[in-house]
2 protein chains.
Amino acid sequence: MKNDSFDLKEKFGLHIKRLREDRGLALRDMATKCELDYSQISKIENAKWDVQLSTIFELAKGLDVEAKELLDFKI
Amino acid sequence: MKNDSFDLKEKFGLHIKRLREDRGLALRDMATKCELDYSQISKIENAKWDVQLSTIFELAKGLDVEAKELLDFKI
DNA sequence: TAATTTGTGGCAGTATAATACCACAAATCA
DNA sequence: TGATTTGTGGTATTATACTGCCACAAATTA
């Protein structure tokens with residue numbers, strides 16, 4: 001895996017978590033809005049995975065945002 | 001894999017290819033600017049892979065754009 | 001206190017992204 | 001024409017994302 005130095009996964013996970021909490025969504029709520037298991041989302045937020053493109057688009061569905069907004073954070 | 005219906009990988013690949021060609025970069029040129037093999041980039045452009053987050057950021061380095069711009073296309 | 005909600009993390013199995021090569025054909029150029 | 005550049009695709013191996021489930025503790029609520 002690349003980009004390990006500046007901990008991309010961690011920044012991404014925190015960004016997702018922030019967006020979710022801003023919307024007052026529980027993991028289980030968000031999971032009902034997309035094709036992801038709530039435990040998956042938890043793992044993503046906690047930087048366990050280097051998520052794939054299709055997963056990013058699912059997260060966007062769950063958060064009602066455009067996918068590109070999910071990459072809008074400082075690395 | 002999710003999002004199969006609207007062919008996310010294909011749209012993404014075409015978007016990458018367009019950005020690269022707009023910059024007059026050959027695959028081998030672009031590959032020198034990031035931690036990707038030129039044959040990898042070819043496969044991504046041709047929708048062979050559901051790329052990971054870290055790979056998206058590498059592609060962005062190779063194209064001198066912000067990662068979020070790589071998700072800025074219509075699905 | 002009791003019941004519910006919430007987040008975390010474990011598990012096993014499957015699919016596939018990533019890596020690092022290389023060969024080849026077609027296009028481009030000298 | 002001959003040399004170089006360019007894109008495509010093959011291969012074998014390794015790592016890990018994903019799936020779907022579930023148990024648990026802590027926090028929240030009634």
Side-chain angles (χ1 to χ4, degrees), chain A residues 1-65 67 70-71 73 75, chain B residues 1-64 67-68 70-71 73 75:
Chain A
M1 184 194 155
K2 303 152 294 289
N3 295 292
D4 238 358
S5 49
F6 36 65
D7 238 348
L8 186 55
K9 290 187 291 187
E10 197 153 329
K11 297 279 171 40
F12 180 74
L14 288 171
H15 185 53
I16 298 294
K17 190 185 187 96
R18 184 203 199 99
L19 290 170
R20 178 175 63 81
E21 291 178 344
D22 283 352
R23 285 158 179 71
L25 288 172
L27 288 176
R28 286 167 177 80
D29 298 329
M30 179 172 160
T32 62
K33 308 177 66 186
C34 59
E35 313 245 354
L36 296 170
D37 187 73
Y38 66 88
S39 71
Q40 276 180 265
I41 304 174
S42 167
K43 284 159 192 154
I44 292 166
E45 288 184 350
N46 288 286
K48 303 279 196 293
W49 287 335
D50 188 10
V51 292
Q52 288 171 282
L53 182 68
S54 58
T55 304
I56 295 173
F57 275 77
E58 286 301 321
L59 291 167
K61 282 195 340 199
L63 292 168
D64 288 309
V65 294
L70 302 191
L71 300 196
F73 57 90
I75 50 173
Chain B
M1 183 192 154
K2 303 151 294 291
N3 293 291
D4 239 359
S5 51
F6 37 66
D7 237 348
L8 187 56
K9 289 187 291 184
E10 196 154 329
K11 296 279 172 37
F12 181 74
L14 289 171
H15 185 54
I16 298 294
K17 189 184 189 96
R18 184 203 199 99
L19 290 170
R20 179 175 62 81
E21 291 177 342
D22 283 352
R23 285 159 180 72
L25 288 172
L27 289 174
R28 285 166 178 80
D29 298 329
M30 180 172 160
T32 63
K33 306 175 68 186
C34 59
E35 312 246 353
L36 296 170
D37 187 73
Y38 66 88
S39 72
Q40 276 181 266
I41 303 174
S42 169
K43 283 158 191 155
I44 292 165
E45 287 184 351
N46 288 287
K48 304 279 196 294
W49 285 335
D50 189 10
V51 292
Q52 288 173 280
L53 182 68
S54 59
T55 304
I56 296 173
F57 276 77
E58 287 300 322
L59 291 166
K61 283 197 336 198
L63 292 167
D64 287 309
K68 62 180 169 182
L70 301 192
L71 299 195
F73 58 90
I75 50 173

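Bear in mind that the values here come from a model prediction, so they are computed numbers and not experimental data. In the text below, chain A, chain B and the rest are named by the order of the sequence lines, each starting its count at 1.
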| remark: When rounded to the nearest 0.5 Å, the distance separating NZ of Lys17(B) from CG of Leu27(B) is 7.0 Å
| request: First locate atom CD of Glu45(A), then atom CE of Met30(A), and finally report the distance between them rounded to the nearest 0.5 Å. | output: 6.5 Å
| request: Starting from C1' on dT16(C), measure out to CG on Leu53(A) and report it in whole angstrom. | output: 14 Å
| request: Please state whether the base of dC21(C) and the side chain of Ser39(B) form at least one donor-acceptor pair under 3.5 Å? | output: yes
| Exercise: identify the closest heavy-atom pair between Gln52(B) and Asp50(A) | NE2-O, 3.0 Å
| note | Taken to the nearest whole Å, CD1/Ile41(A) to P/dT8(C) is 11 Å
| note | the helix from dT1(C)-dA30(D) to dA30(C)-dT1(D): angle between terminal helix axes, five bp per end, to the nearest 10 degrees, reads 60°
| field | Nearest-0.5 Å distance that lies between atom CG in Leu63(A) and atom CD1 in Ile16(A) | value | 6.0 Å
| remark: Between the CD1 atom in Ile56(A) and the CG atom in Leu71(B), the distance rounded to the nearest 0.5 Å is 6.0 Å
| query | Could you state the CG-P distance from Leu36(B) to dA18(C), rounded to the nearest angstrom? | reply | 8 Å
| remark: 5'-most contact on DNA chain D (nearest-nucleotide basis), Arg28(B) vs Lys43(B), goes to Arg28(B)
| query | When the distance from CG of Leu27(B) to C1' of dT28(C) is rounded to whole Å, what number comes out? | reply | 16 Å
| Given atom OH of Tyr38(B) and atom C1' of dT5(D), what is their separation to the nearest angstrom? | 11 Å
| message | Just verifying a value: how many Å separate Asp64(B) CG and Leu25(B) CG, rounded to the nearest 0.5 Å? | response | 8.0 Å
| Given dG7(C), dT19(C), dC21(C), the nucleotide with the shortest approach to the side chain of Ser42(A) | dG7(C)
| query | When the distance from CD of Gln40(A) to C1' of dT8(C) is rounded to whole Å, what number comes out? | reply | 14 Å
| Lys48(B) near the nucleic acid: base, sugar-phosphate alone, or nothing, with a heavy-atom cut-off under 4.0 Å? | sugar-phosphate
| query | Taking the side chain of Gln52(B) as heavy atoms from C-beta outward, which of dA23(C), dA17(C), dC21(C) is closest to it? | reply | dA17(C)
| request: Please name the pair of heavy atoms, one in Cys34(B) and one in Glu58(B), separated by the smallest distance, quoted to 0.1 Å. | output: CB-O, 3.2 Å
| message | Expressed as a whole number of angstroms, how long is the span from Lys17(A):NZ to dT8(C):C1'? | response | 9 Å
| field | Between dG7(D) (P) and Asp37(B) (CG): distance, integer Å | value | 13 Å
